[in-house]
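Below: the structure, in structure tokens.
These numbers come from a predicted model, not from an experiment.
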Amino acid sequence: MLGCKIVLESYTHARKAQKMLEGYGYRSQIKRTTHTSMEGCGFMLIVNGDCTSVTDILVSGGIPYKKPENLRRYEE
């Protein structure tokens with residue numbers, strides 16, 4: 001199954017994204033990003049769907065995100 005990893009700036013944005021995507025039938029997990037960078041800490045959302053569809057939904061909902069990345073052979 002194809003998955004998508006998306007980095008978000010805060011837990012609040014990650015939770016809003018998760019709730020919005022649930023409304024469209026996507027399941028997801030929120031994880032804290034493990035690396036530190038100049039951008040600061042953040043959270044990632046691992047979603048069971050392709051990044052194009054997922055990011056389209058987030059854009060329509062006004063949820064900011066960074067670095068979408070497709071994951072191959074994603075298993076929940």
Side-chain angles (χ1 to χ4, degrees):
M1 173 182 267
L2 190 62
C4 181
K5 177 174 78 170
I6 299 175
V7 176
L8 298 114
E9 293 180 2
S10 68
Y11 181 80
T12 302
H13 284 140
R15 188 65 182 127
K16 282 182 178 181
Q18 187 178 47
K19 283 186 162 206
M20 178 176 284
L21 291 168
E22 283 175 359
Y24 287 89
Y26 290 95
R27 288 207 256 157
S28 61
Q29 298 175 348
I30 298 173
K31 296 185 179 185
R32 189 163 181 79
T33 55
T34 55
H35 65 335
T36 56
S37 68
M38 293 182 73
E39 297 174 5
C41 62
F43 292 84
M44 73 174 99
L45 195 62
I46 309 294
V47 186
N48 72 329
D50 69 286
C51 283
T52 303
S53 300
V54 170
T55 56
D56 285 349
I57 293 168
L58 297 182
V59 167
S60 72
I63 298 174
Y65 63 89
K66 306 179 216 177
K67 303 179 186 176
E69 179 183 330
N70 281 313
L71 304 171
R72 301 205 188 286
R73 298 183 191 163
Y74 170 70
E75 298 290 328
E76 287 188 76

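- Scored by the side-chain hydrogen bond (donor to acceptor under 3.5 Å, both in side chains) test, T12 finds no partners at all (sequence neighbours excluded).
- Here the straight-line distance linking atom SG of C4 with atom CD1 of I46 works out to 8.0 Å at 0.5 Å rounding.
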Solution key, residues 14-22 side-chain donor-acceptor pairs under 3.5 Å, sequence neighbours excluded:
residue, atom, partner, partner atom, Å
R15, NH1, Q18, OE1, 2.5
Q18, NE2, S28, O, 3.1
Q18, NE2, S28, OG, 3.4

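- Note that CG of L45 and NZ of K31 are 11.0 Å apart. Values are rounded to the nearest 0.5 Å.
- Atoms NZ and CD1, on K67 and I6 in that order, are 13.5 Å from each other to the nearest 0.5 Å.
- To the nearest 0.5 angstrom, L71 atom CG is 11.0 Å from N48 atom CG.
- Judged as a ring pair (Phe, Tyr, Trp, His ring centres under 6.0 Å), and not counting sequence neighbours, Y24 has no contacts.
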What pairs of donor and acceptor atoms, side-chain ones from residues 54-64 against any protein atom, are under 3.5 angstrom apart with sequence neighbours left out?
residue, atom, partner, partner atom, Å
T55, OG1, C51, O, 2.7
T55, OG1, T52, O, 3.3
S60, OG, I57, O, 2.7

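- Scanning both residues, Y26 and S53, for their nearest heavy atoms gives OH-CB, 3.3 Å.
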